[in-house]
Amino acid sequence: MKRAFYQRPVVEVARELIGCVVSHDRCAGVIVETEAYHDSEPACHAFVGLTNRTRVLFGPPGHAYLYRSYGIHACLNAVSEPEGVGAAVLIRALEPVEGIELMCERRGLERVEDLCSGPGKLTQALGIELEHNGCDLGRGPVVFARAPRAWRDVPVAVSKRIGITKAPDLPWRFCAVDSRCLSRPALSRA
DNA sequence: CATGGGATTGACT
DNA sequence: GTCAATCCCATGC
């Protein structure tokens, strides 16, 4: 997808990414859950301003921002808004569509619904790591592509973001309501 | 240089 | 429902 797609308000990008496809190393999945983060609110890593860590968040849109969560998991984001604004969309869940056998191997599981139903799970399933921080999502190795026809106009639900303590009430989480691969139910009661 | 806090997950009661 | 694993980074002394 082109840079213009990401160079928009981050909440809009988060909504539009539902149905798009993420690919890496022979595996791919359709995005079914996202959350928006913006430097104007304290839950966003970019809230602290420009540091070594947040450099990619403030950089040009359409790039990957990777961070380590709880010392264990890598989480994947798509940098959005114009350069100079620190904003990104957290990819929280995918429906596996390609390389399922390899995903099972990496995750040590068999149930397809459990392979990518969480931000730390999907990076493990696709083999995405911190070294992909800053990668151009149009060129790879991590690639985002437009939604397949069957995934356009699927019903999407909005709710509060999950697992955060700061700014917990912003309705910036988006889910494909009919998916069985969400990290939590679409209508989260926070 | 020491410290504390996570945008999580899986195992266990 | 509870809880620990584990590490990167921003902050403060």
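For clarity, every value in this text was computed on a predicted model and none was experimentally measured. Chain naming here is simple, since letters A, B, ... match the order of the sequence lines and numbering starts at 1 in each.
- A close approach under 4.0 Å does occur between a side-chain nitrogen or oxygen of A:Arg107 and OP1 or OP2 of B:dG10.
- Contact between the side-chain N/O atoms of A:Ser69 and the OP1/OP2 oxygens of B:dA7 is not found at any separation under 4.0 Å.
- For the atom pair CG of A:Leu126 and CZ of A:Arg26, the computed distance is 11.0 Å after rounding to the nearest 0.5 Å.
- Under 4.0 angstrom from either OP1 or OP2 of B:dA7 there lies no side-chain N or O belonging to A:Lys166.
- Nearer to the 5' terminus of DNA chain C, by closest-nucleotide assignment, is the contact made by A:Tyr70 (compared with the other of A:Tyr70 and A:Arg53).
- Stacking is not found between A:Tyr67 and the pyrimidine-like six-membered ring of the B:dA7 base under the 5.5 Å centre-distance and 30° plane-angle cut-offs.
- Checking the phosphate oxygens (OP1, OP2) of B:dT8, a side-chain nitrogen or oxygen of A:Arg92 falls inside 4.0 Å.
- In summary, the side chains of A:Arg107 and A:Gln124 do present a donor paired with an acceptor at a separation below 3.5 Å, with no hydrogens or angles considered.
- Contact check, A:His45 against C:dC9: no side-chain N or O comes under 4.0 Å of OP1 or OP2.
- For A:Arg146 and A:Phe5, the positive end is not near the middle of the six-membered ring at less than 6.0 Å and at most 45° from its axis.
- Per the geometry, CZ belonging to A:Arg55 stands 13 Å off C1' belonging to C:dC9, to the nearest Å.
- None of A:Phe58, A:Tyr67, A:Tyr37 except one satisfies the ring-ring contact (aromatic ring centres under 6.0 Å, His included) rule with A:His45; the exception is A:Tyr67.
- Using a 4.0 Å heavy-atom cutoff across all strands shown, A:Leu90 reaches at least one base atom of the nucleic acid.
- In this structure C:dC9 sits in a base pair with B:dG4, meeting the Watson-Crick or G-U test at under 3.5 Å.
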